[in-house]
There are 2 protein chains.
Amino acid sequence: MAATPLFRRIDVAPAYQKVADAIEREIINGRIKPGEPIGTEQQLVAQFGVNRSTVREGIRVLEEGGLIRRDSSRRLQACLPRYNKLATRLSRALILHEVTFRELFETSMTLEVASVEGAVERASEENIAELAANLERSAAVVGNPAELAELDAEFHVLMAKASQNRVLQLAREPAAQLFFPTTEMIVGGVPEGGARLVEAHGHILDAIRRRDKEAGVLWTRRHLQDWRRGFEKIASLDRSVEHTYMEHAYAARQ
Amino acid sequence: MAATPLFRRIDVAPAYQKVADAIEREIINGRIKPGEPIGTEQQLVAQFGVNRSTVREGIRVLEEGGLIRRDSSRRLQACLPRYNKLATRLSRALILHEVTFRELFETSMTLEVASVEGAVERASEENIAELAANLERSAAVVGNPAELAELDAEFHVLMAKASQNRVLQLAREPAAQLFFPTTEMIVGGVPEGGARLVEAHGHILDAIRRRDKEAGVLWTRRHLQDWRRGFEKIASLDRSVEHTYMEHAYAARQ
DNA sequence: AAATCTAGCTTTGTCGGACAAACCGATAAG
DNA sequence: CTTATCGGTTTGTCCGACAAAGCTAGATTT
């Protein structure tokens, strides 16, 4: 054993990670507010005393995490992570873990019911107006599965928004991203499927308007059970979320 | 206007992004299975025909997304995204959006009740054994708020696991990461708080064993209501998840 | 011969410098 | 006042290089 070096190797984290962590801390602690500029790469190089390549690797980490973005002119700025983008990562994880539609359905049922309960309790006039507008557009495309499916997904997003609970909004997003794209197949495959969907939405909105929680929950349950019946005509609930289906959700993520 | 270039600038995505997308596609489509090696940076340079710096930026993106990691010897390999790590990103987002404990509590109530219902229905012997082991350890540290809080968080993770629903497991994680770290403050601040917590866990486990859904839900509700009462002695539910508290959750994330 | 050591090759993390394209700002021209 | 032009910046990418750590395989020791 050679002369003991005596204290070394505490560094552990690579420099690019430290750069990312340092910037992240500033943002989380609120010293850099969303929308504020981070500075140019050159400035970061000067501040951290590392090479630009290293800074850039750190930036990529934060960018992927949704903490910073580049504005129109490509300058760096802090930003509020979009639920949507993060949820996409989670949806991807769910696919890789090969979850089944049964798991998806069960959890969505829980979360959508919670959404409607919150919406019945706390929906604002504006929330209700948005839902009403969505319903109107839905009624107009009742024969078009593709457009109707998109509006259905939006209806449920609006319902979560109307619950005024952002944690719930975020929690339902990953499952919803995988769940709702199937609507198109189902509505297209079941006669009167579109009409039933719009009818359910109508009753749900009505319940929210009347602050009638029981009715809201009842119709939300029916609505999802309808989905389930439709789905089971096409595939087994216990099959994993297929890669083929994944590609569908995937193409739409941009 | 000079001689029109006639078709250009479709490229849009920078090279490092394309590298990341290309590797991501291979993993999502299953052509590279979790655990399999991606190859060295040098090989990727050769395959994609770009510079190593560019490849490395792409790698950082995927690493942050949880799709690839470096094994003990720092070689790249595909991996299954850990819910935990992704949930950390979401928790961070929730903090930045300044959600309140009321939102957190409401959503956690929904998700924990769903967890216990699933656990009552589907918990395996192994799940029950894990919960029992946790309970035993909890009983032993009933006077130590820090350790008890950690075991409480674990109990709820195990309950979600016992529900055999991975979508639910994932959906509850972000809220749980913010919710449960407060347990320590609460248990420490309320006399008999530790004993009540362990008692509740005991009743919940008992209900799962007996497949008694009603009792399971009842005790889970009581357990969370206890948390709420304790919390309201310390702070207002309508205050946003404070930065100070955030730092607590933050330090523990590694 | 089996275990151990050592030297060399590989790979990663980091650095410095370079350049084209896009963008910004300000000035000059209509 | 609007439009065109010209530098100066900044980003995205490339090249080459090197120290530290890991791995491999031949050399050495027991």
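The chains referred to below are lettered A, B, ... by the order of the sequence lines, with proteins before strands, and numbering in each begins at 1. Predicted model, so just to flag it, every value in this text is computed and none were measured.
- Whole-Å rounding puts the A:E41 CD to C:dA18 C1' distance at 15 Å.
- Using cut-offs of 30° and 60° for the angle between ring planes, the A:F101 and A:F231 rings count as tilted.
- The side chain of A:R75 approaches C:dC24 more closely than any other nucleotide in the set C:dC15, C:dC24, D:dG12.
- If you take SG on A:C79 and CD on A:E36, they are separated by 12.5 Å, rounding to the nearest 0.5 Å.
- Neither OP1 nor OP2 of C:dG16 sits under 4.0 Å from any side-chain N or O of A:S53.
- Listed nucleotides D:dT13, C:dG13, C:dT14 differ in distance to B:R74; the shortest reach to its side chain belongs to C:dG13.
- Look at CD on B:Q77: it is 16 Å from C1' on C:dT12, rounded to the nearest Å.
- Whole-Å rounding puts the A:I38 CD1 to D:dT11 P distance at 12 Å.
- Base contact: A:R52 has a heavy atom under 4.0 Å from a base atom.
- For the pair B:E41 and B:I59, the tightest heavy-atom approach, listed with the atom from each and the gap, is CG-CD1, 4.0 Å.
- Side-chain nitrogen and oxygen atoms of B:R60 include at least one within less than 4.0 Å of the OP1 or OP2 phosphate oxygen of C:dG13.
- Taking atom CZ of residue B:R56 and atom P of nucleotide D:dC15, one finds them 16 Å apart after rounding to whole Å.
- Spacing between atom CG of B:L76 and atom C1' of C:dT11 amounts to 10 Å, rounded to whole angstrom units.
- Side-chain nitrogen and oxygen atoms of A:R70 include at least one within less than 4.0 Å of the OP1 or OP2 phosphate oxygen of D:dG12.
- Atom CD of B:Q42 and atom P of C:dT12 are 8 Å apart (whole Å).
- Note: CD (B:E57) to P (C:dC15) measures 14 Å, nearest angstrom.
- Side chain of A:T40, nearest nucleotide from D:dT10, D:dT13, C:dT14: D:dT10.
- Distance A:D71 CG to D:dT11 C1': 12 Å, rounded to the nearest Å.
- Minimum atom distance to the side chain of A:V50 is reached by C:dC15, of the listed D:dT13, C:dC15, D:dT11.
- In terms of phosphate contacts, B:N51 brings a side-chain nitrogen or oxygen within less than 4.0 Å of OP1 or OP2 of D:dC15.
- The closest donor-acceptor contact from the side chain of B:R89 to the backbone of A:G65 lies at 3.5 Å or more, if one exists at all.
- Listed for the B:N134 side chain is a donor-acceptor partner under 3.5 Å among the backbone atoms of B:L151.
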